[in-house]
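Below is one structure, written out as structure tokens; comments come after it.
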Amino acid sequence: MSSITYLEAIRLAQQRALKEDPRVFIYGQDIGVFGGAFKATKNLAKEFPGRVLDAPISEDAMVGLAIGAAIEGMRPIVEMQFADFSTCGFNQIVNQAATLHYRTGTPCPIVVRLPSGGTPGSGPFHSQSMEAIYAHYPGLVVMTPATVEDAYTMMLEAVALEDPVIFCEHKFLYYHLKAEKLPKFPGEELPFGKARITRPGRDATVVAYSAMVHEALAAAEELTQDGYDIEVVDLRTVRPIDTDTILASVARTGRLLVVGEAWPWGGVAAEVVARVATEGFGLLDAPPQRLNAKETPVPYHPALWGTHRPTASSVANSLRQLLEL
Amino acid sequence: MSSITYLEAIRLAQQRALKEDPRVFIYGQDIGVFGGAFKATKNLAKEFPGRVLDAPISEDAMVGLAIGAAIEGMRPIVEMQFADFSTCGFNQIVNQAATLHYRTGTPCPIVVRLPSGGTPGSGPFHSQSMEAIYAHYPGLVVMTPATVEDAYTMMLEAVALEDPVIFCEHKFLYYHLKAEKLPKFPGEELPFGKARITRPGRDATVVAYSAMVHEALAAAEELTQDGYDIEVVDLRTVRPIDTDTILASVARTGRLLVVGEAWPWGGVAAEVVARVATEGFGLLDAPPQRLNAKETPVPYHPALWGTHRPTASSVANSLRQLLEL
Amino acid sequence: MTKPKSAKTKGSQEKSSTGATAGVLTAELARRAYRTMLEARLLEEKLAALYRSGKIVGGVFLGRGQEALSVSLGVHLRRGDIYAPLIRDQAGRLAFGDTILDTLRTYLGSSLGSMRGRDGNIHRGRPSEGYHAMISHLGAMVSTVCGSLVAKRFRGEKGTVGATCIGEGGTSTGSFHEGMNMAAVEKLPLVVVVANNQYSYSTPNDRQFACSDLLAKAAGYGVQGHRAVGNDLVDCLSVIGEAVAAARRGEGPQLVVADLLRLVGHGEHDDASYIPEALKKSPLGRDCLELAKQSLVEREWLSEEEAASWHKAVEKDVEETASKVLREPAPDPTEEDWNAFASLGRNH
Amino acid sequence: MTKPKSAKTKGSQEKSSTGATAGVLTAELARRAYRTMLEARLLEEKLAALYRSGKIVGGVFLGRGQEALSVSLGVHLRRGDIYAPLIRDQAGRLAFGDTILDTLRTYLGSSLGSMRGRDGNIHRGRPSEGYHAMISHLGAMVSTVCGSLVAKRFRGEKGTVGATCIGEGGTSTGSFHEGMNMAAVEKLPLVVVVANNQYSYSTPNDRQFACSDLLAKAAGYGVQGHRAVGNDLVDCLSVIGEAVAAARRGEGPQLVVADLLRLVGHGEHDDASYIPEALKKSPLGRDCLELAKQSLVEREWLSEEEAASWHKAVEKDVEETASKVLREPAPDPTEEDWNAFASLGRNH
Ligand SMILES: Cc1ncc(C[n+]2csc(CCOP(=O)(O)OP(=O)(O)O)c2C)c(N)n1
Ligand SMILES: Cc1ncc(C[n+]2csc(CCOP(=O)(O)OP(=O)(O)O)c2C)c(N)n1
Ligand SMILES: [Mg+2]
Ligand SMILES: [Mg+2]
């Protein structure tokens, strides 16, 4: 029986969007006949002639083009070859896409796909997780799916939303994650913006997103051996953040660890800890903790990389410390 | 007797850096004969021929040029015409300047000056506060002087540092803030990276930086009428953050409000609240609070702008609420 | 610093217009253009006065001296076209359908203006009507217009064009370059008018670019190039008319370069003292409004009397509109929804 | 897609080299260049093998087919010059002073390599020695090299040049444009070599740019243009030699465009099946290493026997170096300082 990867889910969601909505087109480098650097658009150019277009190496103009097309009623999806290159389209994203609706009343329904996160040997410029940078800006929705099913439904939601969406798809999950079948439609399980309790637990809450959900789950599994029962919350979207679900979880467990693959300063973990400290102070039995990447560019050598980012074992360590506080 | 503005302090610091260090040059749009959009380099081109250079409208290349010059041992200062335009130089700042030393061992001592923050009528693209965006990246120092004296000494420190410095100078303070004289040299009062207790107090700590320090001070003054004694901490640099001084203050007051002019998500206030919640949980008598700009682009009309950003009166309100928690 | 050129020098792919009497130019068009220039000029004078009296806060950025070039693009666009004007395009905006009323409302931040006080001055537009609202970051609108044209191509709309203006300084931005190249690759019906007013803010051309002729950029992108005499309305009308027509005919992107001078500071806070007197007195410094009137009068398309009566009528219109807008409500922060999202509630 | 051009077509400001026997070209230089090409070729074959066997993780990006162009820039640079090579510049790097040892160390992530396992593959350099370490973002190095040249100007250093390469795809970036324009404004001694290998990853030229000739960009920036036959070592040496000499003489930035083909995938994961067979079989697809040998042998600058013995010697060197590096320690995360700052302690 054939199983569906996280990458394939993204491809299938784009295929469905193209099929169901004539306003959708995809624009990015090498995404046409070639099917994209990661093959996320494989065969789509053939199936939808003229609607999956190779772009020049011009990230600023790629986003600008998407914005202009959205203004005229289209639903463009832009593929960045790597999240890291979105810095070259940064200005259009944060200053034009994010502000358009507030300034003019015209919505800007674009999706910018960012192949994100670290993989061994990818180094400082093909490994970045930029969700916190974009989430800082009001007007941008930032999605960070952690499962094959979410990758599929959230891509469909992203295309349907009236707002610009930064879609952070994790490269490490592309091939590692598989599912037997996909949901029929978005919202079947959870509505947009709602976090998931991936693993219910009693003793502490780990809030994570994207690839870190799986490190958190493995750590939770490891801690069962110590007799602990850890709850894992998958944020799914980091803007908006589903503070209610987090607070409800912390209310049950009294302890919070937030894990992010990006750097700590101002990251998702900082934002979640700040929210819980502010809104759920009384729920906490111990100081909330966060675990992030080390404070350097993402290193090239797999041995360094494996230490740079949080892993099941470093999450488990942090949890053990938290449980003793 | 002539008093010195915050803007003049920045000009004088650059003048001194040019005079004392032959490695220093300044590069930016309209900074030569014209003296800059805000006159922060007035007369410097004349006084230092060939060392204060007009740049084309090319923020990416401006930063790239500074990096290349720094590699060869120079100490470039880049003036962005407004902080908001640094988005066009974003890639060079975060991917080349911030990573150079870690990757290659070659330091990248550049200073990027960002005329930051809101003023009435400046609107979405001439008002932004981008400190949180840059502070996210390991390798970048981010300075946010709130006083005339700091503007002077921190600019000198910025030029002396081996690391790339994002120098967020606040446009609203340019003319509003005055001092009678300037310190003789940096570190006279406080070393680099140390926060200042601008106003000692007993009942609550307000952590602020840049223009918000003055709103916090006015709010603290207002609250004396209610019998409260508020401590105001000026961060001075937001990367590094002087967590020790903040924790010591919270240890005394038991209550924390962090104020930032930028947006809340992942901002300085989020980072400070997260640090205090994590490292100083037991010191808190009430949930830590934050106050930021409203979640929209910075609006044009002064009436909207005045409500969008935190002000003395909104800080005072937040403080009153905090004191009742 | 400034490199005066003869008006009809040929660049490598340059198409020279067939001159003042070319195809599309009619008395009616020229009269409409002149009247719109007059509106822009008098409206801008009012804006300057409102700025000086403290009624407009922030800044006022005028196109004085550039009305002929600006209007010539505006009048050649029609319903369904895309227009992304820049800083000095008051005249083009009015020609495209913007109004004195909305200009004043936007500058004064009226809640009734199309920007509702959220954005102001030159950053106005009605994107859903094809009238893009520029962001400040120069060059950014080139690719945005491309995107709207791609949308039209997807919809099978034919014969519409997209147009934007930029200063010579803006050509140094990476955005401009990426947008031009993309337009050329997609063969879009895009018209880009470069107003080479010799200065970008205070920066003279020799600190901005080093090519001997900005029009040489056309060949580097593989687009058609045109040169117009920037302060000559009749020449601008015919050259830009031809450029727009070529784009409409499907000949791909068109780059128009025009030399001229802004007869005013970068903004009203700036006295432009960096512009040498000799340059102001050169042919480049001649006032396009004055020249246009002379030229139309010479052609007997307009009489001095009519021009004077137009002047009076426009002045009255501007004054009355300003008084009205000055009485309109400012935006009320307590009524503001403070929500940047289109589909999400506040505070997300 | 590909637009084959005759080698000596003149662009508007193009300087044609005086041909294969021009000024700087000597037997010694050509021999050195050929030997370095051979080193690059054999080293890259080893890198590919190490990648296939899983020893190199991440990616391997080769310059096969582009060695003649790449080396021609490297050999014309000298101590004190600035060099920012790009993806396909193994040959230029070795000519500039990089070593087989450090290349292997960097690819294998050895803690003894100049990047200490922190960065890898093509992202290596020793910036403090004028050998810039590219960031991935295409175009970014143009302005960086400008900056180093400005520093040299400040110090009064004369006669040094800065050089970088870029693919035709990289010319679409805003960074490239801003850097070229800036270099022209500052009249810097910068040489930019555009390797037009007809594809950027899988994207053919007709989706990348629309100018009929990339060299037409030179006039748009106001820089001198040169064309080289990309797989002809002797032509590359003389054309680039002249370009570097012109820059050294103070004639400002020089743009060199060369058509060629990469004879390998974008990276070793890519089979380049998007490149049509006909193109591979065209003159563009001829292997520059083979051609160079023929050409040198014809000129009696090299014998077949010598070439064969060089081949053997280089092969041995590469093999031995690889075995050595494979035994070197990987970076130890517990020893790593995890500090991105030069002047601040860790965890700031
Ligand atoms: C990317 C960017 N950098 C800087 C600025 C600040 N700025 C506004 S107008 C201007 C000068 C523009 O010159 P030019 O393009 O020649 O147009 P002109 O003002 O002469 O009409 C500058 C530098 C900007 N708007 N955008
Ligand atoms: C700004 C940016 N966007 C995307 C990429 C991803 N990328 C790496 S190489 C490449 C193709 C480069 O083509 P070209 O410049 O022609 O060089 P070639 O690979 O053909 O030598 C792309 C798109 C990048 N490195 N930088
Ligand atoms: Mg100008
Ligand atoms: Mg290529």
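Model, not experiment: these values are computed from the prediction. Sequence lines set the chain letters: A, B, ... in the order given, protein chains first and strands last, and positions in each chain run from 1.
Looking at B:V238, the atoms closer than 4.5 Å to chain A (heavy atoms on both sides) sit in the backbone and in the side chain alike. Contacts between B:I241 and chain A at a heavy-atom distance below 4.5 Å involve the side chain alone, from C-beta outward. B:A269 does not touch chain A: none of its heavy atoms, backbone or side chain, sits under 4.5 Å away. The contact between B:D84 and chain A is made entirely by backbone atoms, counting heavy-atom distances below 4.5 Å. Both the backbone and the side chain of B:V268 come within contact range of chain A, each with at least one heavy atom under 4.5 Å from a heavy atom of that chain.
Contact between B:W265 and A:G266 at its shortest, heavy atoms only, is CZ3-O, 3.8 Å.
Taking chain A as the reference chain and counting heavy-atom pairs below 4.5 Å, the highest number among B:G139, B:A277, B:G282 is found for B:A277. The most heavy-atom pairs under 4.5 Å with chain B, out of A:L325, A:T278, A:D60, A:V258, come from A:T278. Counting heavy-atom pairs under 4.5 Å between each of A:S86, A:C88, A:P288, A:A270 and chain B puts A:P288 at the top. Heavy-atom pairs under 4.5 Å with chain B peak, among A:R290, A:H136, A:Q289, A:Q128, at A:H136. Counting heavy-atom pairs closer than 4.5 Å to chain A, the top-ranked of the candidates B:L284, B:L256, B:V272, B:V276 is B:L284.
For a heavy-atom cut-off of 4.5 Å, chain A lies close to B:F90, B:N91, B:V94, B:N95, B:T99 in residues 90-99 of chain B. Residues of residues 118-127 of chain B lying under 4.5 angstrom from chain A, judged on non-hydrogen atoms, are B:P124, B:F125 in numerical order.
Listed by chain and residue number, B:W263, B:A293, B:K294, B:T296, B:V298, B:P299, C:W338 satisfy the side-chain contact (heavy atoms from CB on, under 4.5 Å) test with B:H308 (two or more places apart in sequence, or in another chain). Scored by the ring-ring contact (aromatic ring centres under 6.0 Å, His included) test, B:F281 finds A:F281 as partners (sequence neighbours excluded).
Side-chain contact between A:V273 and B:V273 is absent, with no heavy-atom pair separated by less than 4.5 Å.
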